[in-house]
Amino acid sequence: MKFGGTSVQDASAFARVAEIVRNENENSPVVVTSAMSKVTDALLNAFDLAKKGDYEFAFASIEPHFQRHTKVAEELTDNAQQIFFQSELDFAKNELADLLMRVSRRSLPLQMLKDAIVSYGEQLSSRLLAEVLKAKNLNARQMDARRLIVTDEEYGAATPIWSETEKLIQIELQPLIEAGEIPVLGGFIAASRSGETTTLGRGGSDYSAALVGAALRGGEIQIWTDVTGVLTCDPRVCSDARTIKTLSYEQAAELAYFGAKVLHPKTIQPAVDFQIPVRVCNSHQPSEKGTMILPKSDIMPRVIKSIAHKTGITILRITSARMLGAYGFMSAIFQIFERHRTVIDVVTTSEVSVSLTLDNTDAIDAIVKDLTRLGQVKIEPDQAVICVVGEGLRGMPGVAAEIFSTISDVNISLISHGASSVNLTFVIKENEVKNVITKLHNNFFN
Ligand code: ASP
Ligand code: MG
């Protein structure tokens with residue numbers, strides 16, 4: 001059971017988590033928690049401030065967040081626990097003050113210090129959550145995730161070493177679970193073989209949960225967040241949005257690009273490897289079932305599961321007569337993007353042109369300059385990608401016709417279909433998003 005930052009944002013959120021865990025008590029849960037909301041950002045900000053030299057100011061900037069932890073302990077745990085937690089917190093503060101000073105003096109590699117600093121969010125939230133669960137008569141025990149998850153030394157986005165991690169999790173957690181204890185660990189944080197603290201990248205707690213769930217061959221991995229599962233579309237664009245009951249791993253991966261609310265495909269890979277279902281649920285509405293992500297989802301009668309979108313997209317079109325019948329042309333184009341470290345999202349090609357979309361245009365001037373050597377380049381800003389996801393979309397006659405006839409008044413700038421059997425992607429002007437999504441949603445879901 002993984003709880004995200006907003007699921008542990010304050011005392012009432014912690015209390016809700018305790019009840020959610022209690023409901024699963026008979027199923028031998030393991031709890032993974034994110035830092036309290038905003039704490040990771042605050043720690044990263046403190047690191048940046050310390051880098052500029054003023055480490056005392058940097059340290060002071062985190063104080064309000066320490067107080068949030070104290071307040072939760074005061075509201076939800078007994079006196080002895082408060083004294084214990086406060087001493088842990090004081091200890092953490094001293095270490096953080098020292099680390100921030102080292103940052104300002106550059107006395108250790110900065111990337112290493114950054115991970116050490118940012119890890120305190122999860123170190124503290126997991127200690128606090130274990131105390132809260134104990135206060136609610138649950139048999140919880142905080143475990144240091146850095147002793148369970150072994151990674152390489154890519155600070156900030158470390159990659160777990162599966163065989164070692166799997167063994168450690170089994171050896172350390174299995175006996176506790178068998179004895180009826182509930183292990184509570186911080187997500188996101190890990191350690192290298194030499195014992196240095198590392199982190200798994202922003203949002204990495206989901207990854208931790210998937211690693212633990214996979215290593216223990218859990219019956220289900222639950223991701224508790226602040227929305228009720230994965231929705232049929234963005235509720236801010238169309239208020240008819242509703243929760244999707246089941247998705248396949250592949251569909252979830254296609255949707256992941258379109259919003260932070262959906263799991264990153266990398267983070268659920270361990271679950272995919274062991275075919276463990278992942279459930280996304282809402283800690284504010286725990287009785288709702290949320291979305292279940294499974295190896296294969298049921299084929300819905302009208303096929304379509306979700307309509308995702310992303311705005312702020314730029315199209316680049318490269319046209320060149322030299323491309324006809326030439327080899328190496330695509331490679332030459334893609335190398336330019338690689339050189340400028342820019343991600344391409346959707347690509348379509350014809351005999352003499354290539355169109356592609358970008359959502360990060362930081363390097364666009366340099367890219368266009370290089371591309372101009374290969375052909376004529378046109379830029380179309382203010383576009384949006386629409387991604388229609390559904391099982392077996394590619395093999396289902398008439399679906400594309402139905403999609404495009406529903407929005408026949410809209411100009412489509414680019415279409416990509418067929419690479420994956422679960423999605424159809426197209427690009428429209430940004431100001432058409434509401435119109436397009438509302439029409440499609442009405443047609444396919446109402
Ligand atoms: N606390 C980390 C972050 O904010 C990890 C997580 O929440 O998953 O990125
Ligand atoms: Mg988070």
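Quick note: residue numbers are just sequence positions, from 1. First listed ligand is number 1; within each ligand, the first listed atom is number 1.
Near R202, the atoms of ligand 1 lying under 4.0 angstrom from a non-hydrogen atom of the residue are 3 (C), 4 (O), 9 (O). Listed by atom number, the atoms of ligand 1 under 4.0 Å from S34 heavy atoms are 6 (C), 7 (O), 8 (O).
Counted by atom type alone, N423 and E254 present one or more donor-acceptor pairs between their side chains at under 3.5 Å. Side chains of D370 and H340: a donor on one and an acceptor on the other come within 3.5 Å. Side-chain atoms of S119 and Q123 form a donor-acceptor pair, as typed in the model, at a separation below 3.5 Å.
For a threshold of 3.5 Å applied to N or O pairs, the pair formed by G203 and ligand 1 contains at least one separation below that value. Polar contact check, K2 against ligand 1: no nitrogen or oxygen pair lies under 3.5 Å apart. For a threshold of 3.5 Å applied to N or O pairs, the pair formed by S205 and ligand 1 contains at least one separation below that value.
Ligand 1 lies less than 4.0 angstrom from a heavy atom belonging to G204.
Annotation: Y207 is not in aromatic contact with W162 [ring centroid separation under 6.0 Å not met].
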Criterion side chain to side chain donor-acceptor pair (under 3.5 Å) on R394 and H417, from CA distance to verdict: CA-CA 8 Å; R394 189 173 52 203; H417 183 43; over 6 Å; no
